[in-house]
Structures are given as structure tokens and as C-alpha cells.
Participant: 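Dropping a structure here in C-alpha cells format, bear with me for questions.
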Amino acid sequence: MGFDKITRKEDYSAWYNEIVKNADLAEHSAVKGCMVIKPYGYAIWEGMQQKLDFMFKETGHSNAYFPLLIPKSFLSKEAAHVDGFAKECAVVTHYRLKNDPNGKGVIVDPDAKLEEELIIRPTSETVIWSTYKNWIQSYRDLPILLNQWANVMRWEMRTRLFLRTSEFLWQEGHTAHATKEEALAETVQMLEVYADFAENFLGVPVIKGVKTPNERFAGAEETFCIEGLMQDGKALQMGTSHFLGQNFAKAFDVKFQSKEGKMEYVWASSWGVSTRLVGALIMAHSDDDGLVLPPNIAPIQVVMVPIYKTEEERNAILDYFKSLKKELSSLNIRVKIDDRDTHKPGFKFAEWEYKGVPLRIAVGPRDMQNQTVELARRDTKTKETFNQDGLANYIHGLLPKIQESLYLKAKTFRDERIIEVNTWDEFVHALDHTPGFISAHWDGSPETEQAIKDKTKATIRCIPLENKLEEGKCILTGNKSSQRVLFARAY
RNA sequence: CGGGAUGUGGCUCAGCCCGGUAGAGCACUCGCAUGGGGUGCGAGGGGUCGCUAGUUCGAAUCUAGUCAUCCCGACCA
């Protein structure tokens, strides 16, 4: 390696880009707006998938798969949905190429034009509800609780690795219910799953809330979200859960016969999180020395680096590492022995540190003599010498402490950046001087929300659930308000 | 689509103003030493200078066009 590090203070967004690139998480692809997720970055996503998939199954969901291509006509069936997505859809118009008669290369065969053009899914509500129509006749067919792991495409103007790419990976849950109450309960349940996942697995504190109509998902009655705060004070939407009402059931004519024999439209929810969470993870914990990964999500939790001169020393240390690895693996700890002979220890230290591995064990001849190891923590950058005896158990206990400590650090930062303001001047001042969530009164009108956005680039991230009611005056218009909402500049 | 900038080995860039046939650092390969925080020394491999046309004896360098990328604005998980 040997690259210059950019600090967060110097240039936050350059710092982020460097981490993504230098920690081998992802890179730009030949196609603008798309990314190649490299093995180490993909391992992080796999860790997220594994945990979430487990949580979805626990709450009664099954996985299924619906196609990438959607007939164009499907999109237009739900009016708000088209409005939201039409501008960013990639469209398939032909199904064949042929050799260019005028020279080299291939051209689109004009004779192979599709009768109905297909769009590449920006989300799957429409295909799924066109399918659910065939699956649902009776209340006995409900509920349907499905999830799919998929890629989607939204043609973005400006992209950033993980945070916003044209193609991204995600999961989308789509459920169908007999009653409004049940669909709403499902929507809230999945929001809770996401919040639990973000806080306890990724170590990122989130605020659960409801979106304003302006920020609502196209086609939803209500959009719930979890919002995280990054170290630069910008908010990041980390997951959404939508109560879709009967909108898609009506658009695709999905009815069921109730116990009472009446025909009723089906109630729906949908919910998703994406590879954007990898970006959130990076921005929430990492420091000027590179990536910092909470143990729960770290692909490698403990890395072992041998220090040696002779072949004998090397073999002896690696033998010890192998036995320690066995012990740690039996405690479900993910371990890597860095036995590369092509790199020096100092290089390896720097590399694994940059890649955010929570714990590093270094052992040299002196340690072997003393039956000790050098144990280094990535999060605090502290080192201690520890006896080989009892080491595995110590690490087993230490990893959760690191997880907790990272969460608390992020939470302390986040809590300090929730700032209550009562006037427009305070609002503007806070945005520029202590960026974060700004808790302020808003008169509830979309026009005011838009005006604030136009003036400051700050948007209403959410109306927190369990928000206390409080009389006040809108910071912009002075009109009456019944509660505070959270504003922030956002990714 | 408007405003600004840039295209030169894998990467970061110098050279361009003042045309003379391409250079540095990092990375890579080999050798020797080194090995408890990004190792040192030596030797080597690798480039149609974004593309096209023009000016010229001669173009990375000048001119025109074209393509692409990046940054700033309007849209967004």
C-alpha cells in the first residue's frame, strides 16, 4: 500500500471514497453509476444478509424470487408509483443484436423490437401484486409473507459507491393481509426488526419515525423509516417500511372473499434495506486510520500475525496460531491467520488496521518464550500483552464489549447532535455549526417543508414515533404546530 | 440539461506556454540483505500520450471537431 490518508476533517467525502477504495470494498465499473463489490465488501453485505434473513424467517417470512424485467404497462397502474419512478427507469426495447453491416461491432437489430417494452425493476411492487392476484381468492390464502433478495436499478444522476448507485442490491419484503390492522402491524414489526438490526448488529443508533407526505414512498399510505446520523452530521435513511393500504390491490384488482362472504381488497406492506447500509456502517464508525468494523459484522474478527526470522520460529508460531484458531472457532469467532511470507509484519498491521479488523494478535519469538501474545484493539488503538493461557475466553468476552463500546460512542455523538431550536435563526445557525438532527416545530404543510428545503437544503427526516405532543410555532411561518419534527441535511 | 475542470504505463501526476519522437513516485518482477508498526539497496518489465482530422520535415505539445470522466446545480433507497 503506502497511500496518503485523508482525514475526516479535511474532506469528509474524499475520506469516505478512500476508505471504500483502499479497504478493498468496492470500485467503479465500466458502466457509470454501477459498482463492482469486491470480496471484502461483499463479505460485509453477506454478513448483513445472513443476519437479516434469519430475522425475517424468525418473524414468519419466506424467500421467493420475482423477475428482473417488468412490463412497462405494470408501472402505470398505480398513479403515484409511476410518478415516483418513471424518471429513473432503464427500459429494454429490443431482444437481439446483429453484426453491423457497415463495419465492426454489433448493432441493435431493428427487426427485434419488443411488442411491449420492459423496464428493469426499480422495485417490485407491480410484478409481485400482478402475481398475488392469481394467488389470492379467499381469506384462507392470507397472509402472504414474502421477501426477496435482489438487485434493482434506478438511473441516478449522481452516484456514490454504496450510498447511491444505479444498480444496487437489497431485500424487499412484500406482504398481503386481510385487514388494515394486520398490515399496519406488519409494517411496524419490520421497522422494529430493522432498528434492532441497525443498533445491535451494526452498532448504529437509529431514530424510528414516519415520513412526511413529501418524503413518502411512491404508492404508500404511510412510510416508516429508521434514520441514522453520520459523523459529518448528515442524516442517512437506513431502511424503510411502507404501509401500502389497498393501493396496489386496487391497481392490480386483488380481492379476497372474507369469512362473511364479502369481496374485499387486500391490504399490503413492503419494506427494504440495501447495500447502502455498508455505506452507513463505514460512515458511522470509521476513523482517520481507516475502516472500523463492529465485531458482529466484521468478516474477520481476529487476525493473527506471526513475527519471525527463521523457518523454525515461523513454524512454531503458526502451530500455536492453528491451535488458537481452533479454540476460537469453536466459540464461533471468525479468525484469519495471516501467514503470508511475502509481507512484513508492520505492513500487515497497517493493512488489517485499515480494513477494520476488531482485534489483532501478534506473536513473535519473545512471546513464544514468555507464553504471551500482543493483543491490539482497532477501536481504541490500544495494545496489551496477554497470557496465552485463557486467551480464547478473554477474546470471547472482549468482542461484545467492543461492539457495545462502538455503539455507545456512536450514540453519544448522535444524542449530542439532536438539537432543539425554536427560531429560524437558531435553526440556520445549528445547521451550519452543529450539523445533525434539528428538532423544530413545523406547521405541517408541504409548502413550508419545501420552502425550508429550498432555503437550507435541510429536509424533514421524520416525525419520531412516540413523539411527545407539544404546542409551538413553526420556525418558518410562525403558524401553530402540535409537535416537533427532525430536520437534517441528508445523503 | 446549464456552469467549471481534466484526459499521458495498473495508480497519482510532471512534460504542453517556447513542437525534435516520453519521464517521476507508488505498484509489479528478479536478486541480496532485512523481519516486534507501511524495510533497504541493486537490477528489470510495462505507455498507439482519450479519439479523429488538420498545420508541419517532424505533434503528448499548436488548431478544429468529437468522445469520456470528475466537480458544482435540478432528481433520489
Side-chain angles (χ1 to χ4, degrees), chain A residues 1-6 11 13-14 17-18 21-22 27-33 83-89 121-124 150-160 162-172 194 211 214-218 220 223 225-228 235-242 270-280 289-290 305-311 313-314 317 340-355 360-370 372-376 381 383 385 450 453-454 457 459 461 490-491:
Chain A
M1 306 217 164
F3 42 82
D4 293 326
K5 287 176 187 161
I6 297 172
D11 187 341
S13 96
N17 292 338
E18 289 292 301
K21 190 174 74 180
N22 294 331
E27 62 190 36
H28 290 285
S29 76
V31 177
K32 181 176 158 64
D83 277 355
F85 288 108
K87 289 168 300 217
E88 46 189 23
C89 284
R121 62 177 166 221
T123 179
S124 302
N151 58 340
V152 288
M153 175 159 272
R154 299 178 187 176
W155 210 264
E156 297 289 351
M157 297 295 186
R158 298 190 60 194
T159 59
R160 299 197 61 194
F162 289 115
L163 296 175
R164 173 163 296 107
T165 46
S166 287
E167 182 193 14
F168 58 94
L169 305 183
W170 76 346
Q171 59 65 217
E172 45 181 325
Y194 287 155
K211 289 291 188 189
N214 275 359
E215 300 278 327
R216 196 177 280 159
F217 174 76
T223 287
C225 63
I226 52 171
E227 292 282 329
L236 181 72
Q237 178 174 305
M238 291 175 63
T240 48
S241 183
H242 313 291
S270 71
W271 26 274
V273 299
S274 72
T275 35
R276 168 178 257 201
L277 288 179
V278 178
D289 295 312
V305 177
I307 300 158
Y308 54 85
K309 286 184 185 154
T310 67
E311 197 64 14
E313 285 169 350
R314 179 169 191 256
I317 295 167
R340 288 176 296 176
D341 196 31
T342 49
H343 297 270
K344 296 189 43 162
F347 180 91
K348 294 176 181 179
F349 290 177
E351 179 171 290
W352 292 116
E353 203 163 272
Y354 198 86
K355 288 189 165 190
R360 180 187 71 235
I361 294 171
V363 171
R366 284 208 300 276
D367 289 302
M368 288 305 277
Q369 200 127 52
N370 303 332
T372 57
V373 303
E374 181 193 82
L375 187 62
K381 307 223 46 176
K383 287 193 278 197
T385 300
Q450 187 61 43
K453 182 179 178 181
D454 293 342
K457 288 183 189 158
T459 50
R461 300 320 303 156
Y491 278 96

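A, B, ... follow the sequence lines: proteins, then strands. Residue 1 opens every chain.
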Participant: Rounded to whole angstrom units, what separation is found between the CZ atom of A:F162 and the C1' atom of B:A77?
Facilitator: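 Going from CZ in A:F162 over to C1' in B:A77 covers 15 Å.
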Participant: Just to verify, what does A:K344 make a salt bridge (Lys or Arg N to Asp or Glu O under 4.0 Å) with, not counting sequence neighbours?
Facilitator: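 Expected list: none.
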Participant: Between the side chain of A:R360 and the main-chain N/O of A:K383, is any donor-acceptor distance below 3.5 Å?
Facilitator: no
Participant: Expressed as a whole number of angstroms, how long is the span from A:K457:NZ to B:C75:P?
Facilitator: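 Answer to the nearest Å: 12 Å.
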Participant: For A:F168 and B:A77, is the gap between ring centres under 5.5 Å while the planes differ by less than 30°?
Facilitator: yes
Participant: Would you indicate what A:T240 reaches in the nucleic acid, counting non-hydrogen atoms under 4.0 angstrom: base, sugar-phosphate, or nothing?
Facilitator: nothing
Participant: What is the distance, rounded to the nearest whole Å, between atom CD1 of A:I226 and atom P of B:A77?
Facilitator: 14 Å
Participant: If you look at every strand shown and take non-hydrogen atoms under 4.0 Å, does A:T385 touch a base, only sugar-phosphate, or nothing?
Facilitator: nothing
Participant: Which whole number of Å gives the distance between the C1' atom of B:C11 and that of B:G46?
Facilitator: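 One C1' to the other, the span is 14 Å.
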Participant: Strictly distance-based, threshold 3.5 Å: is any side-chain N or O of A:Y194 a donor or acceptor partner for the main-chain N or O of A:S241?
Facilitator: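 Judged by distance alone, no pair lies under 3.5 Å.
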Participant: RNA chain B: stems of at least 3 consecutive Watson-Crick or G-U pairs, cut-off 3.5 Å?
Facilitator: B:1-7 with B:67-73, B:10-13 with B:23-26, B:28-33 with B:39-44, B:50-54 with B:62-66
Participant: Give me the distance, rounded to whole Å, that separates B:U61 from B:G50 when you measure between the C1' atoms they each carry.
Facilitator: 16 Å
Participant: What's the gap between B:C26 and B:U34 when it is taken at their P atoms, as a whole Å value?
Facilitator: 23 Å
Participant: Of the nucleotides B:G36, B:C75, B:A77, which has the atom closest to the A:R164 side chain?
Facilitator: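 Side chain of A:R164 sits closest to B:A77.
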Participant: From the list B:G36, B:G37, B:G73, which nucleotide is the closest neighbour of the side chain of A:P365?
Facilitator: B:G36
Participant: Under 3.5 Å, which N/O atoms of the protein pair with N/O atoms of nucleotides 32-35 of chain B?
Facilitator:
{"unit_1": "B:G35", "atom_1": "O2'", "unit_2": "A:Y308", "atom_2": "O", "d": "3.2"}

Participant: Nearest whole Å is fine: how far is B:A77 P from A:W155 CH2?
Facilitator: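 Spelled out: CH2 on A:W155 to P on B:A77 is 18 Å.
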Participant: List the residues meeting side-chain contact (heavy atoms from CB on, under 4.5 Å) with A:A220, not counting sequence neighbours, and say none if there are none.
Facilitator: A:R216, A:F217, A:T223, A:H242, A:L244
Participant: Pick the C1' atom in B:G31 and in B:G36, then give their distance to the nearest Å.
Facilitator: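 These two C1' atoms come out 26 Å apart once rounded.
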Participant: Which nucleotide in the set B:C76, B:G38, B:G37 lies at the smallest distance from any side-chain heavy atom of A:E88?
Facilitator: B:C76
Participant: Holding to side-chain contact (heavy atoms from CB on, under 4.5 Å), I want the full list of residues that pass it with A:D11, two or more places apart in sequence or in another chain.
Facilitator: A:I6, A:S13, A:A14
Participant: Considering only side-chain heavy atoms of A:E351, which listed nucleotide, B:G36, B:A77, B:G38, is closest?
Facilitator: B:G38
Participant: Hey, are A:S124 and A:E172 close enough side-chain-wise for a donor-acceptor pair under 3.5 Å?
Facilitator: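 Note: A:E172 and A:S124 side chains meet the donor-acceptor criterion.
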Participant: Assign A:L236 to base, sugar-phosphate, or nothing according to its heavy-atom contacts below 4.0 angstrom with the strands shown.
Facilitator: nothing
Participant: Quickly work out the A:M238 CE to B:C76 P distance and round it to whole Å.
Facilitator: 22 Å
Participant: Can you check the A:N22 CG to B:U12 C1' distance for me, whole Å?
Facilitator: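 Atom CG in A:N22 sits about 12 Å away from atom C1' in B:U12.
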Participant: If we take the P atom in both B:C70 and B:C28, what is their distance in whole Å?
Facilitator: 27 Å
Participant: So does A:K211 pair up with A:E227, basic N to acidic O under 4.0 Å?
Facilitator: yes
Participant: When you match A:R360 and A:K87 each to their closest nucleotide on RNA chain B, which lands nearer the 5' end?
Facilitator: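 Comparing both residues, the 5'-ward one is A:R360.
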Participant: With A:R340, which residues qualify under salt bridge (Lys or Arg N to Asp or Glu O under 4.0 Å), at least two apart?
Facilitator: A:D338, A:E351
Participant: How far, in whole Å, is B:U69 from B:U63 if one measures between their C1' atoms?
Facilitator: 24 Å
Participant: Given B:A77, B:G36, B:G37, which nucleotide is nearest the side-chain atoms of A:F349?
Facilitator: B:G37
Participant: Just how far, in rounded Å, is P of B:G37 from CG of A:D289?
Facilitator: 16 Å
Participant: Measure the distance from CZ on A:R160 to P on B:U69 and round it to the nearest whole Å.
Facilitator: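 Answer to the nearest Å: 18 Å.
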Participant: Taking A:R154 for its side chain and A:S166 for its backbone only, find out whether a donor-acceptor pair lies under 3.5 Å.
Facilitator: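 Not confirmed, A:R154 side chain does not pair with A:S166 backbone.
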Participant: Would you classify A:Q237 as touching base, sugar-phosphate or nothing, given that sugar-phosphate means primed atoms plus P, OP1 and OP2, and contacts are heavy atoms under 4.0 Å?
Facilitator: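 Sugar-phosphate contact only.
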Participant: Taking only residues two or more places apart in sequence, or in another chain, which ones meet A:T159 in a side chain to side chain donor-acceptor pair (under 3.5 Å)?
Facilitator: none
Participant: Work out how far the C1' atom of B:U56 is from that of B:G44, and round it to whole angstrom.
Facilitator: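 One C1' to the other, the span is 38 Å.
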Participant: I'd like to check the ring-ring contact (aromatic ring centres under 6.0 Å, His included) partners of A:H343; sequence neighbours left out, ordered by chain and number.
Facilitator: A:F347
Participant: Measuring only the P atom in each nucleotide, how far is B:A14 from B:C62? A whole number of Å is fine.
Facilitator: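 Roughly 14 Å separates the two P atoms.
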Participant: According to side chain to side chain donor-acceptor pair (under 3.5 Å), who are the partners of A:Q450, at least two apart in sequence or on a separate chain?
Facilitator: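 By the side chain to side chain donor-acceptor pair (under 3.5 Å) rule, A:Q450 matches A:D454.
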Participant: Please confirm whether any donor atom in the side chain of A:E353 sits under 3.5 Å from an acceptor in the base of B:G37, or the reverse.
Facilitator: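 Between B:G37 and A:E353, which were checked side chain against base, a qualifying N/O pair under 3.5 Å is present.
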